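Presented below is the structure to which this report refers.
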Amino acid sequence: IPLRDAFPDCAAMAIYDERVFIAEAGTNIIRYTAPSEFWRTLPSSNIYRLGHKGGGAVQAMVPLGGALYILTDTAIYQAVSGGPVAGQDAQVYFTLIDDVGCAAPRSVAAADGRIYFLSEDGPRMFDGSKAERLARGVRDLFRPDSEHPLALRNPEGAVGIWHPVEEQYR
């Protein structure tokens, strides 16, 4: 598939280990190029369907600490390159890391070896092995049935940033 024709609408794109990873919008499908071939094509064999709970739609992809983390709306996956085998293309291995999803693609921020994002139950910090809930006191703001006047009614539109001076996710 010529790269320019790969996906007219992609949810996320990332470069990791000399490859381009592209997530098809609204799906659990990840396509990736061969190493150092990202300007050419996406081999038809380089496709992976994330499988946990139906896979969930990809929200974001973040290269961090020697791996690529893929945040879907139901889970977090890790993609790691296994290196070339007998002159063949390097394999990419996908592993389910955590059972927490990302509710808003623009809420994702990476800093200090961690990924911050908004889940359905509030902000979280992912350290590569687990997604820890931040700010437990605001949990009621994220419940769908919340009566609180500041409740987040449309989490998909939320935006998150890392403030480097305050060293805070906001």
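Positions are given from 1, in the same order as the sequence printed here. Because the structure is predicted, anything quoted here is derived from the model rather than measured.
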Side-chain donor-acceptor contacts of residues 107-116 below 3.5 Å, not counting sequence neighbours, with atom names and distances?
from, atom 1, to, atom 2, distance (Å)
S107, OG, A104, O, 2.6
S107, OG, L118, N, 3.0

Q: Go through the structure and list residues passing side chain to side chain donor-acceptor pair (under 3.5 Å) with T95, not counting sequence neighbours.
A: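 If we apply the side chain to side chain donor-acceptor pair (under 3.5 Å) test to T95, skipping adjacent residues, there are no hits.
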Q. Got a sec, which residues hit side chain to side chain donor-acceptor pair (under 3.5 Å) with R49, two or more places apart in sequence or on another chain?
A. none
Rounded to the nearest 0.5 Å, how far apart are [atom1] of [X] and [atom2] of [Y]?
X	Y	atom1	atom2	answer
I30	L50	CD1	CG	5.0 Å
I76	D99	CD1	CG	9.5 Å
Q59	I70	CD	CD1	12.5 Å

Q) Counting N and O atoms only, with roles assigned by atom type, does the side chain of R19 sit under 3.5 Å from a partner on the main chain of T33, one being a donor and the other an acceptor? A) yes
Q) Does R124 use its side chain to pair, donor to acceptor, with the backbone of S119 at less than 3.5 Å? A)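 Checking the backbone N and O of S119 against the side chain of R124, no donor-acceptor pair under 3.5 Å is found.
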Q | For Y16, all residues meeting side chain to side chain contact (heavy atoms under 4.5 Å, CB included), sequence neighbours excluded | A |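 Y16 satisfies side chain to side chain contact (heavy atoms under 4.5 Å, CB included) with F21, P63, L68, V80, S81 once adjacent residues are dropped.
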Q.
Could you work out, with side chain to side chain contact (heavy atoms under 4.5 Å, CB included) as the rule, every residue matching A12, not counting sequence neighbours?
A.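 Once residues adjacent in sequence are excluded, the partners of A12 under the side chain to side chain contact (heavy atoms under 4.5 Å, CB included) criterion are A23, V58, M61.
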Testing the basics here: between [X] and [Y], what is the closest heavy-atom pair and its distance to 0.1 Å?
X	Y	answer
M13	V20	CG-CG1, 3.9 Å
N46	Y32	CB-O, 2.9 Å
A60	P105	CB-O, 4.4 Å

Q) Does any non-hydrogen side-chain atom of F126 lie less than 4.5 Å from one of V62? A)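 A side-chain contact is absent here, since even the closest heavy-atom pair is not under 4.5 Å.
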Give the table of side-chain donor-acceptor pairs shorter than 3.5 Å for residues 158-165, with sequence neighbours excluded, one pair per line with atom names and distance.
from, atom 1, to, atom 2, distance (Å)
H163, ND1, V165, N, 3.4
H163, ND1, E166, N, 3.0

